[in-house]
K.L.:
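Got a structure for you, questions after.
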Amino acid sequence: MNGNKRMEVLGSAPVPKALMVLGVPAMVGMLINALYNLADTYFVGGLGTDQMGAVTVAFPLGQIVVGLGLLFGNGAAAYISRLLGRGDKDTADKAASAALYGSVAVGAVVILISIIFLRPILRQTGAIDRVMPYALAYTRIYIVFSIFNVFNVTMNNIVSSEGAAKTAMCALLAGAVLNVALDPVFIYVLDFGVTGAAAATAISQFVSTLVYLAYIFRKGSVFTFRVREGCFSKEIMSEILKIGIPTLLFQVLTSLSIGMLNNAAKEYGGSVLAAMGPVTKVMSMGTLIVFGFLKGFQPVAGFSYGARNFDRLREAVRISILWSTGFCLLFGLIAVIFADPIMSMFTRDDMEMVRAGSAALRANGFSFILFGFYTVYSFLFLVMGKAAEGCVLGACRQGICFVPAILVLPTVLGLNGVLYAQPAADVISAIVAACMAVGLHKELKAAEAGISSAQGEGSSE
């Protein structure tokens, strides 16, 4: 699909078609990405409970690194889609280049700091003494090569903002297929253990980077990504960061919440700590699929808002809520009904891990039904440039609501408090989203009325 056709999809194609064209490839890509995260957990699970714990405690640090890509990529994507809606291609080009080069530079600095302080960081994310050697071996490789992931996440968002969802899907697909193929070879055939899992992930991320580089050099993008066009002006960076910082905050809070969950779980033994890894990865598969679909919603909503096409914007919101909630209902029911067999896939004989993980999976499955509604509005506030509201809503599920839940509930309910902390935060966050949505729609109606009034005055003159 060339640049002109992508602009037609964003601006004039029927909303259901636009969401399908842009959202389904991104959704498939995110699903594949989630599956290869699960593949790491599955293959490492065959090594033992402590090795599983190592991957579990490394996950929050990986989320921070991904957050750097989202800081620049998602911040730029929201801004770029509005610029394209207004027809300002030159500024969009500068913003895309600034986001790409800025993310790689900041990512390199953060990765270096992480390597220097790796042991205390892993201790804070829940690593107990017997897990620490495996966690260090896995994370040292994983975190160094995650610079490719920073690049990939940034490009994924920029490419999605211009409507090239198939390219983003292909990049994720190439890395995912390779990772699943290499995991058993590196872990078991070559007997590299947890370091093999990290090496497989590193190679797969590099391959995804090559796909994006080919897209750039073949001039498939509407953006050029020339170094000299990387404009770090106050205007461009403020627009990127006012959306990117809430997105990074979301990722930081996600890492914090996982770390706090791991720390609370380890008080009940290594099996409960290890169980949190598969539960987190399984539920993240559902969340990534929703995020993938909403990657299609984001440029449509941003383009419509930039073009002041409020009817199209409202239709995109309505359809996205309906479709994402339908998926969340199905995914949540699967997690509830098949919790035991799902958890049994990740261990050979640790029944305590299966029991704890199944209970947590069922609780998360019930509350996941609310996730689509919550996330649509979380995306909508950010794509409209409403950083403060987007920041508050983005921080609810993993921060404002989760932190009190994980601190209070275990003291009252014991282990059940650990298992039900995230579902409790989900319910409260959905209520907050509903209250904020009422005010947002009133504001959109007022803006639309103002435009209609101005047009009426202009025609009368």
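Since the model is a prediction, treat every value here as computed from it, not as a measurement.
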K.L.:
Tell me if the centroids of the rings in F331 and F327 come within less than 6.0 Å of each other.
P.N.:
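Yes - the distance between ring centres of F331 and F327 falls below the 6.0 Å cut-off.
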K.L.:
Can you pull out every ring pair (Phe, Tyr, Trp, His ring centres under 6.0 Å) where at least one residue sits in residues 112-141? Sequence neighbours excluded, please.
P.N.:
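Passing the test, one end in residues 112-141: Y138-Y142.
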K.L.:
Atom CD1 of I400 and atom OG of S429: how far apart are they, to the nearest 0.5 Å?
P.N.:
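Reported to 0.5 Å precision, the distance equals 8.0 Å.
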K.L.:
Verify, without hydrogens or angle tests, whether N149 (side chain) and F145 (backbone) share a donor-acceptor contact under 3.5 angstrom.
P.N.:
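No, because the side chain of N149 does not come within donor-acceptor range (under 3.5 Å) of the backbone of F145.
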K.L.:
For a quick test of reading the model, state the closest non-hydrogen atom pair linking S103 to V150 and the distance between them.
P.N.:
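That closest heavy-atom pairing would be O-CG1, 3.4 Å.
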K.L.:
One thing to verify: whether R355 and E352 come together as a salt bridge, which I'm taking to mean a side-chain N less than 4.0 angstrom from a carboxylate O.
P.N.:
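Yes, charged N to carboxylate O under 4.0 Å.
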K.L.:
I need the single residue from T375, L313, I321 that forms a side chain to side chain contact (heavy atoms under 4.5 Å, CB included) with L380. Which is it?
P.N.:
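So, applying the side chain to side chain contact (heavy atoms under 4.5 Å, CB included) to L380 and each of T375, L313, I321, only L313 qualifies.
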K.L.:
Are M260 and V403 side-chain neighbours, meaning at least one heavy-atom pair lies under 4.5 Å?
P.N.:
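Yes, close enough: below the 4.5 Å cut-off.
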K.L.:
Taking atom CG of L415 and atom OH of Y420, what is their separation to the nearest 0.5 Å?
P.N.:
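Taking CG in L415 and OH in Y420, the distance rounds to 8.5 Å.
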K.L.:
V106 and F72: side chain to side chain contact (heavy atoms under 4.5 Å, CB included), yes or no, with the steps?
P.N.:
CA-CA 10 Å; V106 174; F72 288 92; 3.8 Å; yes
K.L.:
Mind checking what makes side chain to side chain donor-acceptor pair (under 3.5 Å) contact with R314, not counting sequence neighbours?
P.N.:
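Checked R314 against side chain to side chain donor-acceptor pair (under 3.5 Å); matches are D311, E448.
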K.L.:
Under a 4.5 Å cut-off applied to non-hydrogen side-chain atoms, are S208 and L172 in contact?
P.N.:
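They are not in contact (no side-chain heavy atoms under 4.5 Å apart), so the answer is no.
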K.L.:
Find out whether V131 and K266 are in side-chain contact, i.e. whether some heavy atom of one side chain is under 4.5 Å from a heavy atom of the other.
P.N.:
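Answer no - side chains too far apart.
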K.L.:
Is it the case that atom CZ in F366 sees more than 12 heavy atoms from other parts of the structure closer than 6.0 Å?
P.N.:
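No - once you tally the heavy atoms of other residues, nucleotides and ligands closer than 6.0 Å, there are 12 at most.
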K.L.:
Only pairs at least two apart or in different chains count here, so list each ring pair (Phe, Tyr, Trp, His ring centres under 6.0 Å) that has a residue in residues 374-417.
P.N.:
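Qualifying pairs, neighbours excluded: F291-F379, F373-Y377, Y377-H441.
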K.L.:
Between T139 and L122, is a side chain to side chain contact (heavy atoms under 4.5 Å, CB included) present by the stated rule, with each step listed?
P.N.:
CA-CA 9 Å; T139 313; L122 291 174; 3.9 Å; yes
K.L.:
State, yes or no, whether a side-chain contact exists between L71 and L241 at a heavy-atom distance under 4.5 Å.
P.N.:
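They are in contact (side-chain heavy atoms under 4.5 Å apart), so the answer is yes.
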K.L.:
Would I406 and S257 count as a side chain to side chain contact (heavy atoms under 4.5 Å, CB included) if you check the C-alpha gap in whole Å, the side-chain angles of each, and the deciding distance to 0.1 Å?
P.N.:
CA-CA 8 Å; I406 195 63; S257 67; over 6 Å; no
K.L.:
Keeping the roles fixed (side chain from Y215, backbone from A171), state whether a donor-acceptor pair exists under 3.5 Å.
P.N.:
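No, because the side chain of Y215 does not come within donor-acceptor range (under 3.5 Å) of the backbone of A171.
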K.L.:
Could you check whether any side-chain heavy atom of R362 comes within less than 4.5 Å of a side-chain heavy atom of F338, counting everything from C-beta outward?
P.N.:
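Not touching, per the 4.5 Å side-chain cut-off.
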K.L.:
Can you tell me how far CZ of F186 sits from OG1 of T195, rounded to the nearest 0.5 angstrom?
P.N.:
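One gets 10.0 Å once the value is rounded to the nearest 0.5 Å.
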K.L.:
Of all the heavy-atom pairs spanning Q124 and N263, show the shortest one and how long it is.
P.N.:
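The pair with the smallest heavy-atom distance is O-ND2, 2.7 Å.
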K.L.:
With sequence neighbours left out, which residue pairs that include part of residues 193-213 fulfil the ring pair (Phe, Tyr, Trp, His ring centres under 6.0 Å) condition?
P.N.:
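For residues 193-213: F148-F206.
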K.L.:
At their closest point, which heavy atom of V65 faces which heavy atom of S146, and how far apart are they?
P.N.:
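Minimum heavy-atom separation between V65 and S146: CG1-OG, 3.4 Å.
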K.L.:
With T209, which residues qualify under side chain to side chain donor-acceptor pair (under 3.5 Å), at least two apart?
P.N.:
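T209 satisfies side chain to side chain donor-acceptor pair (under 3.5 Å) with N152 once adjacent residues are dropped.
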K.L.:
Look only at the side chain of N364 and the backbone of M283, and say whether a donor-acceptor pair between them is shorter than 3.5 Å.
P.N.:
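Checked: no pair found.
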K.L.:
Roughly how far, to the nearest 0.5 Å, is CE of M132 from CG of L118?
P.N.:
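L118 CG to M132 CE: 8.0 Å, rounded to 0.5 Å.
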K.L.:
Taking the side chain as everything from C-beta on, heavy atoms only, tell me whether M20 gets closer than 4.5 Å to W323.
P.N.:
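Touching, per the 4.5 Å side-chain cut-off.
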K.L.:
Provide the closest heavy-atom pair for A76 versus A95 in the form atom of the first, atom of the second, distance.
P.N.:
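Looking at all heavy atoms of both residues, the closest pair is CB-O, 4.3 Å.
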K.L.:
Going by the salt bridge (charged side-chain N to carboxylate O under 4.0 Å, His left out) test, which pairs reach into residues 379-396, not counting sequence neighbours?
P.N.:
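Every salt bridge (charged side-chain N to carboxylate O under 4.0 Å, His left out) pair that includes a residue of residues 379-396, provided the two are not neighbours, is K386-E443.
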K.L.:
How would you list all residue pairs meeting salt bridge (charged side-chain N to carboxylate O under 4.0 Å, His left out) that involve residues 44-62, not counting sequence neighbours?
P.N.:
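Residue pairs with at least one partner in residues 44-62: D50-R130.
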K.L.:
For residues 112-123, which residue pairs qualify under salt bridge (charged side-chain N to carboxylate O under 4.0 Å, His left out), counting only residues two or more places apart or in two chains?
P.N.:
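Salt bridge (charged side-chain N to carboxylate O under 4.0 Å, His left out) check on residues 112-123 returns R123-D129.
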K.L.:
With side chain to side chain contact (heavy atoms under 4.5 Å, CB included) as the criterion, how do C396 and I428 come out once you've worked through the C-alpha distance, each side chain's angles and the decisive distance to 0.1 Å?
P.N.:
CA-CA 8 Å; C396 272; I428 298 171; over 6 Å; no
K.L.:
According to salt bridge (charged side-chain N to carboxylate O under 4.0 Å, His left out), does anything in residues 140-159 pair up with another residue at least two apart or in another chain? List the pairs.
P.N.:
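Not a single pair qualifies under salt bridge (charged side-chain N to carboxylate O under 4.0 Å, His left out).
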K.L.:
Considering non-hydrogen atoms only, spot the tightest contact between V376 and S324 and give its length.
P.N.:
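Looks like CG2-OG, 3.9 Å.
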K.L.:
Only counting residues at least two apart or in another chain, list the ones meeting side chain to side chain donor-acceptor pair (under 3.5 Å) with D426.
P.N.:
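So D426 forms a side chain to side chain donor-acceptor pair (under 3.5 Å) with S367, R397, Q422.
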K.L.:
What are the two closest heavy atoms between A275 and P278, and how far apart are they?
P.N.:
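In this case the closest contact between A275 and P278 is O-CD, 3.3 Å.
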K.L.:
Could you tell me the separation between the CD1 atom of I111 and the CD1 atom of I147, rounded to the nearest 0.5 Å?
P.N.:
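I111 CD1 to I147 CD1: 4.0 Å, rounded to 0.5 Å.
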K.L.:
Provide the full list of side-chain hydrogen bond (donor to acceptor under 3.5 Å, both in side chains) pairs with a residue in residues 405-416, sequence neighbours left out, each pair given once.
P.N.:
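Sorted pair list comes back empty.
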K.L.:
Quick one: does S204's side chain have a donor or acceptor within less than 3.5 Å of a partner on T201's backbone?
P.N.:
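Pair found, side chain donor or acceptor close to backbone of T201.
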K.L.:
Between CZ of F368 and CG of L329, what distance do you get to the nearest 0.5 Å?
P.N.:
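Atom-to-atom, F368:CZ and L329:CG are 10.5 Å apart.
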K.L.:
With a 4.5 Å limit on heavy-atom distance, are the side chains of V432 and C435 in contact?
P.N.:
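No, too far: nothing below the 4.5 Å cut-off.
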K.L.:
Are the side chains of P16 and I319 in contact, using a 4.5 Å heavy-atom criterion?
P.N.:
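When only atoms from C-beta onward are counted, P16 and I319 do touch, with a gap below 4.5 Å.
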K.L.:
Just to verify, what does F192 make a ring-ring contact (aromatic ring centres under 6.0 Å, His included) with, not counting sequence neighbours?
P.N.:
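Residues passing ring-ring contact (aromatic ring centres under 6.0 Å, His included) with F192: none at all.
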